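Some notes on the structure that comes next.
Please read these numbers as outputs of a predicted model, since none were measured by experiment. Chain identifiers are assigned alphabetically (A, B, ...) following the order of the sequence lines, protein sequences preceding nucleic acid strands; residue numbering begins at 1 within each chain.
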Protein chains: 2
Amino acid sequence: MSATYHHGDLRNALLVAATELLEAHGPAALSLRDVARSAGVSHNAPYRHFANRDALLDAIAADGFRALADDMRTVKGRQPADRLAAMGQAYVAAARARPGRFALMFAPPGAPDAFPATAAAAQHTYAVLAAAVREVVGRDDPVAVASAWALAHGLADLARHALIPADVALVTTATRRFARSLAASV
Amino acid sequence: MSATYHHGDLRNALLVAATELLEAHGPAALSLRDVARSAGVSHNAPYRHFANRDALLDAIAADGFRALADDMRTVKGRQPADRLAAMGQAYVAAARARPGRFALMFAPPGAPDAFPATAAAAQHTYAVLAAAVREVVGRDDPVAVASAWALAHGLADLARHALIPADVALVTTATRRFARSLAASV
DNA sequence: ACCTGAACACCGTTCAAGT
DNA sequence: ACCTGAACACCGTTCAAGT
């Protein structure tokens with residue numbers, strides 16, 4: 001086990017351990033010392049790979065945005081509107097699958113400057129969604145892109161807090177209605 | 001100064017101080033000891049009014065949801081669809097006015113059980129929105145209510161993280177489009 | 001690259017005591 | 001009742017000295 005840490009695997013082991021703790025106890029309860037303990041190293045070993053706690057969280061949140069973009073990119077559907085709706089559903093499913101990481105992605109604890117990788121990866125997610133919206137409406141439409149992202153994000157975040165029913169059918173219907181009304185507006 | 005604390009004002013003074021610190025440094029950086037210092041009392045005086053840190057944050061987040069519901073309720077507009085759009089705009093404006101409190105409302109640090117007042121106040125916000133949607137579509141439509149809340153919440157949360165343009169016109173257009181397509185669907 | 005171990009200035013929370 | 005200082009077990013972070 002610990003032999004691998006001597007071969008450059010500690011960085012990844014820390015990310016895995018942190019992600020597990022994140023899902024178990026939430027972002028606020030995530031301590032660097034816990035992560036180190038969980039990975040079986042001393043409390044200051046993480047500083048060999050991350051400048052500080054924020055840098056570790058930045059890496060995890062950036063991973064989250066990349067995974068989100070991948071999920072959205074690999075969605076299937078015949079019509080552009082179907083694909084856009086499926087993207088929204090994938091977004092909500094991703095939040096549901098890893099609520100701790102999702103919370104971290106949209107609530108970085110600290111100054112925005114401390115999360116550069118997250119910001120860059122989030123722009124990537126925006127680009128994926130913007131391309132899908134463009135396929136539906138045939139042009140760049142920042143309002144439609146913002147609305148599409150807002151709808152998916154809102155459904156995901158509100159469901160996470162049990163403020164709307166945790167109902168897959170509701171999400172399916174909501175994203176379909178949106179995508180169709182967008183397609184009908186052209 | 002400290003004389004007023006002896007007359008039952010400390011609870012409110014703590015809430016005011018905490019809200020200020022929340023807006024200045026964000027929820028993650030809010031320490032109970034800082035709040036006490038800021039209010040001019042000893043570090044454990046807050047325990048006379050709040051069971052723990054979560055209980056203080058619960059009170060602030062619940063205030064936030066009540067203020068949000070009030071903002072939405074007092075919105076003007078001739079047509080039901082105009083009022084619904086204005087509610088969405090009021091939601092985004094409220095998040096913009098107090099981003100620290102908004103972040104706290106949707107990222108309570110700890111178990112959901114620790115935030116009962118917040119949960120109750122949030123249900124109230126849902127009811128205000130549901131009534132407005134009912135006026136537009138003429139019936140209970142959980143998908144429409146969830147979509148309306150999700151759109152407003154998503155726009156607010158994404159703008160807060162600079163993931164969509166911080167543009168008032170964009171919010172106005174997005175909420176109007178949504179409200180009109182909802183009215184047109186009946 | 002990692003470890004031990006100490007140290008610093010913080011936390012949230014509890015306790016015993018003061019008015 | 002309300003407030004206080006001392007105390008406990010934690011943190012994040014840094015340092016010194018080792019393998």
(request) Could you list all the salt bridge (charged side-chain N to carboxylate O under 4.0 Å, His left out) pairs where at least one residue sits in residues 172-186 of chain A, not counting sequence neighbours? (result) A/R177-B/D141

How many Å lie between [atom1] on [X] and [atom2] on [N], as a whole number?
X     : N     : atom1 : atom2 : value
B/L10 : D/dA1 : CG    : C1'   : 12 Å
B/R11 : D/dC2 : CZ    : C1'   : 16 Å
B/R37 : D/dT4 : CZ    : C1'   : 15 Å

(request) Could you tell me whether A/R96 atom CZ has more than 12 heavy atoms of other residues or ligands within 6.0 Å of it? (result) no

(message) How about CD on B/E135, more than 12 heavy atoms from neighbouring residues, nucleotides or ligands closer than 6.0 Å, or not?
(response) yes

(message) I'd like to compare against my own output: the B/S/- annotation of nucleotides 12-19 of chain C with a strict under-4.0 Å heavy-atom distance to protein.
(response) BBBB----

(request) Using a 4.5 Å cut-off on heavy atoms from C-beta on, say whether the side chain of A/T175 contacts that of A/Y91. (result) no

(message) Less than 6.0 angstrom separating the ring centers of B/H161 and A/F115, yes or no?
(response) no

(request) Would you please indicate if the ring centroids of A/Y126 and A/F65 are separated by under 6.0 Å? (result) no

(message) Can you list every stem that DNA chain D is part of, counting only runs of 3 or more consecutive Watson-Crick or G-U wobble pairs with both distances under 3.5 Å?
(response) C:4-8 with D:12-16, C:12-16 with D:4-8

(message) Please check this pair: side chain of A/D71 against backbone of A/A90, looking for a donor-acceptor N/O pair closer than 3.5 Å.
(response) no

(message) Quick check on side chain to side chain contact (heavy atoms under 4.5 Å, CB included): which of A/L15, A/L57, A/D58, A/V35 does A/F50 satisfy it with?
(response) A/L15

